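The next block holds one structure in the form of structure tokens; read it before the comments.
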There are 2 protein chains.
Amino acid sequence: MGEKKTVAETGRRNDGDPAGSPRPRPRAYHHGNLVDAIVQATISLIEERGTEAVSLREAARRAGVSSAAPFRHFPNKAALMAAVAEQAMERLTASIEAALAETSSLAPMARFEALGRAYLGWAFDNPTHFQVISSRALVDLQASPRLRQQNEAIRLTMTDLLESARRSGELRTDISVDQIVLSARAFGYGLARMHVDGHLPEWHPSEAPKETAMSALASYLRTLRREA
Amino acid sequence: MGEKKTVAETGRRNDGDPAGSPRPRPRAYHHGNLVDAIVQATISLIEERGTEAVSLREAARRAGVSSAAPFRHFPNKAALMAAVAEQAMERLTASIEAALAETSSLAPMARFEALGRAYLGWAFDNPTHFQVISSRALVDLQASPRLRQQNEAIRLTMTDLLESARRSGELRTDISVDQIVLSARAFGYGLARMHVDGHLPEWHPSEAPKETAMSALASYLRTLRREA
DNA sequence: TCCTTATGTAATCAGTGATTACATAAGGAG
DNA sequence: CTCCTTATGTAATCACTGATTACATAAGGA
């Protein structure tokens, strides 16, 4: 029923002062916005120790509350991870949108490539967060409407760009746009996931993995273009 | 130092007879081959309840030994999962080799497609096992030389086939074979992983996901062939 | 002012991976 | 055959985890 107005500064707990201050100073029983605090704690936990090390209790500890407190805001650990994933997905989406905005004057295929580079770039720059938004083990895609919708939005953007490309004669014509979208998603997802899962160590050890991915993307896109 | 000969039937424990038989009948203190028993228990556990539900203790329980016993044979849970993964990888490899044997008389690209179909077919038929051999969360690829080597063998086979295809003029010539191998691996891995991770629900809900993947593979391969 | 509701805590449960000290069986050396 | 080392098992325990319950307090409207 309506958003809860943040109880502006009802007193954060973490104002130093360890081991019980002489003057009790009630110090606010309620946290203010534990939801954000816990999500933030979880994110820092992920960045420091990886997705496997995430624990509800440690997140609670970092937020300075009891281990049962998070359950007031998330029914279970999966729900917390979903919240983290949604936030990560937001950043990925923003990154893609920025790339598309920067290339708004270019041809569809160039913009499609920009989208791909933004996606791969984000995944390689934020491997653990990419892990969160992708592995089912951490968060059930189907259980989070928001995540599903954000995913779908990207897919639709890809479809739009490729349809434009087809109309402008940039795209090969012997494969349906839907098929190409699926193929391209698999390619990008696969490349990112292979990196995250440690399946790309033998490839040009000297070269940075991100650059490897980018040039693989370029080659892949070449196969989609209409022959000159 | 040398393989341990199986102590042939030194007395399995699971010969019914619950709750302590009247005549003690030592019944063999040593299990015989706990390693296999535990790996097998883990596999059945994975099949019944998924990769997330795997627990060393439950596997021990199913093998009829104490919860500390597995640690005599595996330094930790990851090592057990690695053993399971190696076995799964063996089956995947066998499936691919069978497909290649069946198509030994065909042209390189046709055999390359057979390899792809075998890979995707196996992944779609054994999603949880595919999960085990791929996600780093379950087993560290780099820590298991056997797994790495099996993976590398597939990669080499792909390279060989594509080089043959190039020599016979079946393959497009504007992209290096190594690049194509990487791209193809990403495509296949991505498709399989998307399925396993639940990222392929919206695509032709009527069609079976496996068929969807197969036709996506066919389209993808079309982009690799030299233009007629 | 009172009283409902949201939000926190402490205590507890069942389950996990891992380690330790101890017990027993196997199987070769003498 | 006997002894004794070593491989392999067990019970007990530790430090954790996710989750639930009963209880306490704060917020804020009627």
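What you see is a predicted model; the values in this text were computed from it and never measured. Here is the naming used below: chain letters follow the sequence lines, and residue numbers restart at 1 for every chain.
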Report the C-alpha separation of A:Ser183 and A:Tyr220 in whole Å, then their side-chain angles, then the decisive distance to 0.1 Å, and conclude whether the side-chain hydrogen bond (donor to acceptor under 3.5 Å, both in side chains) test is met.
CA-CA 10 Å; A:Ser183 157; A:Tyr220 171 73; 2.6 Å; yes
From CG of B:Asn76 over to C1' of C:dT16, roughly how many Å is that when rounded to an integer?
14 Å
Rounded to whole Å, how long is the line connecting atom NE2 of A:His73 with atom P of C:dT5?
18 Å
If you check the B:Ser66 side chain, which of D:dA11, D:dA19, C:dG17 turns out closest?
D:dA11
Keeping the roles fixed (side chain from A:Arg57, backbone from A:Ser67), state whether a donor-acceptor pair exists under 3.5 Å.
no
Rounded to whole angstrom units, what separation is found between the CG atom of A:Leu45 and the P atom of D:dC16?
14 Å
For the pair made of CD1 in B:Ile38 and P in D:dT8, what is the distance, rounded to whole Å?
12 Å
Here the distance between atom C1' of C:dA26 and atom CG of B:Asn33, to the nearest Å, is 16 Å
Under a 3.5 Å cut-off for both contacts, is D:dA30 paired Watson-Crick or G-U wobble with anything, and if yes, with which nucleotide?
C:dT1
Closest-nucleotide mapping onto DNA chain D: is B:Leu34 or B:Arg57 further toward the 5' terminus? I mean the 5' end.
B:Leu34
Please name the nucleotide paired to D:dT2 by Watson-Crick or G-U wobble geometry with both distances under 3.5 Å, or report none.
C:dA29
Expressed in angstrom and rounded to an integer, what is the separation of A:Leu56 atom CG from C:dT9 atom P?
13 Å
Presence of salt bridge, A:Arg136 and B:Glu52, under 4.0 angstrom:
no
If pairing means Watson-Crick or G-U wobble with both distances under 3.5 Å, then the partner of D:dT25 is C:dA6
B:Arg193 and B:Tyr189: side chain donor to acceptor below 3.5 Å
yes
Looking across every strand, which nucleic acid part, if any, lies under 4.0 Å from B:Ser55 by heavy atom: base, sugar-phosphate, or nothing?
sugar-phosphate
Candidate pair B:Glu86 and B:Ser144, rule side-chain hydrogen bond (donor to acceptor under 3.5 Å, both in side chains), full reasoning:
CA-CA 8 Å; B:Glu86 282 169 21; B:Ser144 164; 2.9 Å; yes
Quick check for you: among C:dA10, D:dT17, C:dA18, whose closest atom lies nearest to any side-chain atom of B:Phe71?
C:dA18
Looking at the side chain of A:Ala68, which of D:dT10, D:dG18, C:dA11 is the nearest nucleotide?
C:dA11
Upstream residue (5' side of DNA chain C) when B:Arg72 and A:Arg72 are each assigned their closest nucleotide:
A:Arg72
Name the pairing partner of D:dA12, where a pair is Watson-Crick or G-U wobble with both distances under 3.5 Å, or state none.
C:dT19
Starting at atom NZ of A:Lys77, determine the distance to atom P of C:dG15, rounded to an integer number of angstrom.
18 Å
What's the CG-P distance between B:Leu80 and C:dG17, to the nearest Å?
9 Å
